[in-house]
Amino acid sequence: MKKIAVLVSGGGTNLQALIDAEKRGELGDGRITCVISSKPDAYALKRAKDNFIKTKVLERKAYPDIASYSKAMTETLTEAEADLVVYAGFMTILDEQVCKAFPYKMINVHPALIPSFCGKGYYGLKVHEEALKKGVKITGATVHFVTEECDGGPIILQKAVEVRNGDTPEVLQKRVMEEAEWKILPEAVRLFCDGKIRVENGVTVVDR
Ligand code: GAR
(Lines give C-alpha, C1' and ligand atoms only; values in the text may rest on other atoms or scores of the structure.)
Protein backbone atom coordinates (compact mmCIF):
# COMPACT_ATOMS: atom_id res chain seq x y z
CA MET A 1 0.00 0.00 0.00
CA LYS A 2 1.30 3.48 -0.89
CA LYS A 3 0.35 6.28 1.47
CA ILE A 4 -0.80 9.44 -0.29
CA ALA A 5 -0.84 12.83 1.45
CA VAL A 6 -2.89 15.49 -0.34
CA LEU A 7 -2.15 19.20 0.16
CA VAL A 8 -5.07 21.59 -0.35
CA SER A 9 -6.03 25.23 0.13
CA GLY A 10 -9.52 25.63 -1.31
CA GLY A 11 -12.57 23.92 -2.76
CA GLY A 12 -10.91 20.56 -3.19
CA THR A 13 -12.54 19.37 -6.41
CA ASN A 14 -9.25 17.72 -7.41
CA LEU A 15 -9.14 16.02 -4.01
CA GLN A 16 -12.70 14.81 -4.70
CA ALA A 17 -11.59 13.40 -8.07
CA LEU A 18 -8.86 11.47 -6.23
CA ILE A 19 -11.26 10.20 -3.56
CA ASP A 20 -13.72 9.05 -6.26
CA ALA A 21 -10.94 7.37 -8.24
CA GLU A 22 -9.74 5.52 -5.14
CA LYS A 23 -13.30 4.31 -4.48
CA ARG A 24 -13.47 2.98 -8.05
CA GLY A 25 -10.17 1.15 -7.49
CA GLU A 26 -8.35 3.42 -9.94
CA LEU A 27 -5.38 4.51 -7.79
CA GLY A 28 -3.53 1.20 -7.93
CA ASP A 29 -2.38 0.41 -4.41
CA GLY A 30 -2.46 4.09 -3.46
CA ARG A 31 -4.55 5.12 -0.43
CA ILE A 32 -5.26 8.71 0.54
CA THR A 33 -4.22 8.64 4.18
CA CYS A 34 -4.19 12.33 5.06
CA VAL A 35 -5.23 15.74 3.80
CA ILE A 36 -3.29 18.82 4.89
CA SER A 37 -4.73 22.30 4.36
CA SER A 38 -3.00 25.67 4.45
CA LYS A 39 -6.40 27.27 5.22
CA PRO A 40 -8.63 26.36 8.18
CA ASP A 41 -11.83 27.10 6.24
CA ALA A 42 -10.99 25.19 3.05
CA TYR A 43 -14.02 23.24 1.81
CA ALA A 44 -11.57 20.46 0.88
CA LEU A 45 -11.35 19.64 4.61
CA LYS A 46 -15.06 18.79 4.67
CA ARG A 47 -14.63 16.51 1.66
CA ALA A 48 -11.86 14.67 3.51
CA LYS A 49 -13.83 14.37 6.75
CA ASP A 50 -16.94 13.15 4.90
CA ASN A 51 -14.74 10.34 3.59
CA PHE A 52 -13.13 9.55 6.96
CA ILE A 53 -9.69 10.77 5.87
CA LYS A 54 -7.40 12.23 8.54
CA THR A 55 -7.01 15.99 8.24
CA LYS A 56 -4.56 18.55 9.51
CA VAL A 57 -4.46 22.33 9.18
CA LEU A 58 -1.04 23.91 8.79
CA GLU A 59 -1.91 27.55 8.41
CA ARG A 60 0.64 29.58 6.50
CA LYS A 61 -0.21 32.67 8.55
CA ALA A 62 0.79 30.88 11.76
CA TYR A 63 4.45 30.80 10.65
CA PRO A 64 6.75 33.83 10.32
CA ASP A 65 8.33 32.77 7.00
CA ILE A 66 8.38 30.16 4.24
CA ALA A 67 11.38 28.37 5.82
CA SER A 68 9.63 27.69 9.14
CA TYR A 69 6.40 26.75 7.35
CA SER A 70 8.31 24.37 5.07
CA LYS A 71 10.02 22.81 8.10
CA ALA A 72 6.64 22.16 9.75
CA MET A 73 5.30 20.71 6.49
CA THR A 74 8.34 18.42 6.07
CA GLU A 75 7.86 17.15 9.64
CA THR A 76 4.14 16.57 9.10
CA LEU A 77 4.70 14.68 5.82
CA THR A 78 7.50 12.62 7.38
CA GLU A 79 5.28 11.72 10.35
CA ALA A 80 2.53 10.74 7.90
CA GLU A 81 5.07 8.42 6.19
CA ALA A 82 3.86 9.73 2.84
CA ASP A 83 5.02 7.72 -0.19
CA LEU A 84 3.47 10.34 -2.48
CA VAL A 85 2.52 13.96 -1.83
CA VAL A 86 -0.11 15.46 -4.15
CA TYR A 87 -0.56 19.22 -4.43
CA ALA A 88 -4.25 19.53 -5.32
CA GLY A 89 -4.98 23.24 -5.44
CA PHE A 90 -2.31 23.95 -2.81
CA MET A 91 -1.58 27.66 -3.08
CA THR A 92 1.53 28.03 -0.92
CA ILE A 93 5.04 27.75 -2.30
CA LEU A 94 7.29 25.58 -0.13
CA ASP A 95 11.07 25.84 -0.09
CA GLU A 96 13.76 23.35 -1.13
CA GLN A 97 13.86 21.43 2.17
CA VAL A 98 10.50 19.79 1.34
CA CYS A 99 11.68 18.83 -2.19
CA LYS A 100 14.88 17.40 -0.72
CA ALA A 101 12.93 15.29 1.79
CA PHE A 102 10.58 13.97 -0.94
CA PRO A 103 12.57 13.92 -4.18
CA TYR A 104 10.35 13.05 -7.16
CA LYS A 105 7.68 12.01 -4.68
CA MET A 106 5.60 15.17 -4.94
CA ILE A 107 3.31 15.99 -7.84
CA ASN A 108 1.26 19.09 -8.64
CA VAL A 109 -1.68 19.75 -10.93
CA HIS A 110 -1.48 23.09 -12.76
CA PRO A 111 -4.40 24.52 -14.77
CA ALA A 112 -2.49 25.31 -17.99
CA LEU A 113 -0.20 23.65 -20.51
CA ILE A 114 3.23 24.28 -18.91
CA PRO A 115 5.42 26.16 -19.86
CA SER A 116 2.55 28.54 -20.67
CA PHE A 117 0.89 30.55 -17.89
CA CYS A 118 2.89 29.12 -15.01
CA GLY A 119 5.35 30.13 -12.31
CA LYS A 120 5.04 32.54 -9.41
CA GLY A 121 1.77 34.48 -9.47
CA TYR A 122 -0.01 32.08 -11.80
CA TYR A 123 -2.54 30.21 -9.73
CA GLY A 124 -6.26 29.49 -9.70
CA LEU A 125 -8.46 31.82 -11.73
CA LYS A 126 -5.52 34.12 -12.57
CA VAL A 127 -4.15 31.45 -14.93
CA HIS A 128 -7.36 31.44 -16.98
CA GLU A 129 -7.61 35.26 -16.96
CA GLU A 130 -4.14 35.42 -18.50
CA ALA A 131 -4.90 32.69 -21.06
CA LEU A 132 -8.01 34.62 -22.19
CA LYS A 133 -6.08 37.92 -22.29
CA LYS A 134 -3.51 36.31 -24.57
CA GLY A 135 -6.23 34.85 -26.75
CA VAL A 136 -4.89 31.31 -26.84
CA LYS A 137 -7.23 28.87 -28.55
CA ILE A 138 -5.98 25.82 -26.70
CA THR A 139 -5.20 25.56 -23.01
CA GLY A 140 -5.34 22.60 -20.64
CA ALA A 141 -3.76 21.11 -17.55
CA THR A 142 -0.42 19.64 -16.55
CA VAL A 143 0.63 17.23 -13.82
CA HIS A 144 4.33 17.52 -13.00
CA PHE A 145 6.84 16.62 -10.31
CA VAL A 146 7.41 19.37 -7.76
CA THR A 147 10.98 20.65 -7.65
CA GLU A 148 12.57 23.79 -6.25
CA GLU A 149 11.58 25.69 -9.39
CA CYS A 150 7.93 26.81 -9.19
CA ASP A 151 5.94 24.81 -11.82
CA GLY A 152 9.29 23.81 -13.37
CA GLY A 153 9.61 20.12 -12.47
CA PRO A 154 9.46 17.24 -15.00
CA ILE A 155 6.10 17.01 -16.75
CA ILE A 156 4.19 13.74 -16.24
CA LEU A 157 0.88 14.19 -18.10
CA GLN A 158 -0.83 16.98 -20.04
CA LYS A 159 -4.26 17.31 -21.60
CA ALA A 160 -5.42 20.01 -24.00
CA VAL A 161 -8.75 21.82 -23.68
CA GLU A 162 -10.37 24.09 -26.27
CA VAL A 163 -10.96 27.79 -25.52
CA ARG A 164 -14.33 28.94 -26.89
CA ASN A 165 -15.69 32.33 -27.96
CA GLY A 166 -17.22 34.17 -25.03
CA ASP A 167 -15.43 32.16 -22.35
CA THR A 168 -15.08 33.87 -18.98
CA PRO A 169 -12.25 32.84 -16.63
CA GLU A 170 -14.80 30.94 -14.53
CA VAL A 171 -16.27 29.06 -17.50
CA LEU A 172 -12.81 28.17 -18.80
CA GLN A 173 -11.64 27.09 -15.34
CA LYS A 174 -14.62 24.71 -15.05
CA ARG A 175 -13.97 23.20 -18.51
CA VAL A 176 -10.25 22.72 -17.76
CA MET A 177 -11.11 21.01 -14.48
CA GLU A 178 -13.79 18.74 -15.94
CA GLU A 179 -12.02 17.80 -19.16
CA ALA A 180 -8.44 17.72 -17.96
CA GLU A 181 -7.51 18.11 -14.27
CA TRP A 182 -9.97 15.62 -12.79
CA LYS A 183 -8.79 13.04 -15.33
CA ILE A 184 -5.02 13.43 -15.50
CA LEU A 185 -4.43 13.92 -11.77
CA PRO A 186 -5.87 10.51 -10.71
CA GLU A 187 -4.21 8.93 -13.74
CA ALA A 188 -0.80 10.33 -12.76
CA VAL A 189 -1.29 9.10 -9.19
CA ARG A 190 -2.09 5.61 -10.45
CA LEU A 191 0.93 5.63 -12.78
CA PHE A 192 3.14 6.72 -9.86
CA CYS A 193 1.75 4.06 -7.52
CA ASP A 194 2.22 1.40 -10.23
CA GLY A 195 5.86 2.46 -10.62
CA LYS A 196 5.32 3.51 -14.23
CA ILE A 197 7.03 6.92 -14.09
CA ARG A 198 10.79 7.41 -14.17
CA VAL A 199 12.89 10.52 -14.59
CA GLU A 200 15.79 10.39 -17.05
CA ASN A 201 17.97 13.43 -17.71
CA GLY A 202 15.39 15.76 -16.17
CA VAL A 203 12.40 14.52 -18.18
CA THR A 204 9.90 11.80 -17.36
CA VAL A 205 9.38 8.57 -19.21
CA VAL A 206 5.88 7.27 -18.61
CA ASP A 207 5.01 3.65 -19.39
CA ARG A 208 1.34 3.46 -20.17
C1 GAR B 1 -7.28 23.97 -9.66
O2 GAR B 1 -7.66 24.49 -10.89
C3 GAR B 1 -5.78 23.74 -9.61
O4 GAR B 1 -5.25 23.29 -10.82
C5 GAR B 1 -5.30 25.12 -9.31
O6 GAR B 1 -6.23 25.64 -8.39
C7 GAR B 1 -7.49 25.00 -8.55
C8 GAR B 1 -7.90 24.37 -7.24
O9 GAR B 1 -9.18 23.81 -7.30
N10 GAR B 1 -3.98 25.11 -8.80
C11 GAR B 1 -3.09 26.07 -9.05
O12 GAR B 1 -3.35 27.06 -9.68
C13 GAR B 1 -1.70 25.83 -8.45
N14 GAR B 1 -0.73 26.64 -9.12
P15 GAR B 1 -9.67 22.70 -6.28
O16 GAR B 1 -9.35 23.19 -4.86
O17 GAR B 1 -11.15 22.63 -6.52
O18 GAR B 1 -8.98 21.41 -6.60
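FYI, the numbering just counts along the sequence from 1. Both counts, for ligands and for their atoms, begin at 1 and track the order of listing.
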Exercise for review: Would you kindly say whether Thr142 and Gln158 are connected by a side-chain donor-acceptor distance under 3.5 Å?
Suggested key: yes

Point to revise | Set of residues that line ligand 1, where lining means a heavy atom lies under 4.0 Å from it | key: Gly10, Gly11, Gly12, Thr13, Asn14, Gly89, Met91, Val109, His110, Pro111, Tyr122, Tyr123, Gly124, Met177, Glu181

Check your understanding: Is any side-chain N of the basic residue among Arg164 and Glu162 closer than 4.0 Å to the acidic one's carboxylate O?
Key -> yes

Exercise for review: Nearest 0.5 Å please: distance from the CD atom of Gln173 over to the CD atom of Glu178.
Suggested key: 10.5 Å

Review point. Is the side chain of Thr204 donor-acceptor paired with the backbone N or O of Val206 at a distance under 3.5 Å, no angle test?
Key: no

Check your understanding: For Lys2 and Leu84, what are the C-alpha separation, side-chain angles and deciding distance, and is it a side-chain contact (heavy atoms from CB on, under 4.5 Å)?
Key -> CA-CA 7 Å; Lys2 291 212 164 56; Leu84 172 66; over 6 Å; no

**Study point:** Under 3.5 Å donor-acceptor, Thr55 side chain and Val35 backbone
**Key:** no

